[in-house]
Participant: 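Quick one: the structure is below, and I'll ask about it shortly.
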Amino acid sequence: MIKDNIEIVEQNIRKACGKAGRLRDEVTLIAVSKTKPVSMIEEVLKFGIIDFGENKVQELTSKFELLPPHLRWHLIGHLQTNKVKYIVDKTVLIHSVDSLKLATEINKEAKKKGIICDILIEVNIAREDSKYGVFEEDVLPLIQEISKLDNVRVKGLMTVAPFVEDPEDNRVHFRKLRQLNVDINSKNIDNVSMEILSMGMTGDYEIAIEEGSTLIRVGTGIFGERDYTI
Ligand SMILES: *Cc1c(COP(=O)(O)O)cnc(C)c1O
């Protein structure tokens, strides 16, 4: 099942890249493994995917311990400041930074460990009440503050688009996020290089790729439906 799912996702990625005149290499597929067992991650690894996304610190760290060290872990869910210390040296990228307070804590823990931590700013691009992330107009001021921190590096933006029936409805949001990324990059802020756009999930990754996504986060499309009751 996982094999077929990956083949389908891969075909869809190639199709969307082709449609947008982009190279397949410009898009990285993150397999979102939240709630899924280590055995399924091992299955996915066989197909050459090494980027995995988790939304909970505890789940990420326990899987980190059990799996080979070459895996690249992405924290994609909301992060509380008191949990930062457990993950700064276990992730390649924290996608969900939405406050100076959180960035400052990441900076502090990264400094302690002698590393630089790459982060994305999570943007609530559709201004939904239920979503984490900062509003569009608050992104630049936040990045200007974060850029003063020595041990974090802002690499781009992330968004969780609305849940929609027709993925076309999210195109406008993806386009807006891309434009925001371009605008901020053109400011040439020290310590900031807006190379990454983390957008697109199972329901809408093709549209996200057409609109410039560089990291897509696919859970259900690879692992099947999640069961939150176990
Ligand atoms: C769960 C999750 C995903 C993956 O969602 P699917 O619809 O299963 O692909 C992507 N991004 C974030 C932030 C998530 O929490």
Side-chain angles (χ1 to χ4, degrees), residues 1-2 4-13 16 27-37 40-41 43-44 47 49-61 63 71-80 83 87 91-99 102 118-134 139 155-171 173-174 177-178 181 196-230:
M1 178 198 85
I2 282 185
D4 298 336
N5 288 349
I6 292 173
E7 270 170 22
I8 291 167
V9 171
E10 187 57 42
Q11 270 175 21
N12 291 339
I13 294 172
V27 180
T28 299
L29 170 61
I30 300 175
V32 177
S33 47
K34 64 191 187 198
T35 78
K36 299 296 179 182
M40 285 180 96
I41 297 176
E43 184 68 22
V44 170
F47 301 96
I49 294 170
I50 55 167
D51 288 89
F52 291 87
E54 289 286 341
N55 66 342
K56 294 209 171 96
V57 168
Q58 167 71 55
E59 195 171 342
L60 191 153
T61 55
K63 286 174 177 169
L71 269 67
R72 297 165 47 85
W73 292 99
H74 297 255
L75 187 81
I76 60 175
H78 182 65
L79 176 58
Q80 290 170 300
K83 300 210 170 141
I87 52 128
T91 50
V92 291
L93 188 63
I94 298 175
H95 292 228
S96 47
V97 177
D98 60 1
S99 71
L102 178 57
D118 287 346
I119 64 168
L120 302 178
I121 305 302
E122 181 168 357
V123 186
N124 184 355
I125 199 76
R127 311 181 89 85
E128 292 176 282
D129 290 338
S130 59
K131 290 270 165 75
Y132 289 110
V134 295
V139 177
K155 303 293 274 185
L157 305 177
M158 176 271 216
T159 199
V160 178
F163 183 76
V164 288
E165 288 282 310
D166 181 359
E168 274 294 337
D169 294 346
N170 279 337
R171 188 182 292 277
H173 301 306
F174 295 143
L177 195 75
R178 164 134 201 259
N181 215 45
I196 298 177
L197 262 184
S198 170
M199 58 186 197
M201 302 168 39
T202 296
D204 55 21
Y205 64 87
E206 292 110 315
I207 305 289
I209 291 170
E210 286 175 35
E211 295 301 329
S213 176
T214 67
L215 283 186
I216 56 170
R217 311 179 306 266
V218 179
T220 317
I222 291 175
F223 292 99
E225 295 293 334
R226 284 179 291 275
D227 182 355
Y228 287 102
T229 62
I230 51 172

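Numbering of ligands and ligand atoms starts at 1, following listing order.
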Participant: Quickly, which of Lys63, Lys34, Arg72 forms a salt bridge (charged side-chain N to carboxylate O under 4.0 Å, His left out) with Glu54? Name it, please.
Facilitator: Lys63
Participant: Taking the inter-plane angle between the rings of Phe223 and Phe52 on a 0 to 90° scale, is it parallel (under 30°), tilted (30 to 60°) or perpendicular (over 60°)?
Facilitator: tilted
Participant: Taking the side chain as every heavy atom from C-beta outward, state whether Leu215 and Leu93 have any atom pair closer than 4.5 Å.
Facilitator: yes
Participant: Under the side-chain hydrogen bond (donor to acceptor under 3.5 Å, both in side chains) rule, collect the residues that match up with Arg171, sequence neighbours excluded.
Facilitator: Glu168, Glu210, Glu211
Participant: In plain terms, say whether Glu59 and Lys56 are close enough for a salt bridge, that is, a side-chain N and a carboxylate O under 4.0 Å apart.
Facilitator: no
Participant: If the criterion is any heavy atom closer than 4.0 Å to an atom of ligand 1, which residues make the list?
Facilitator: Val32, Lys34, Ile76, Met158, Val160, Met201, Thr202, Arg217, Val218, Gly219, Thr220, Arg226
Participant: If you measure from CD on Gln80 to CG on Leu102, what distance do you get to the nearest 0.5 Å?
Facilitator: 10.0 Å
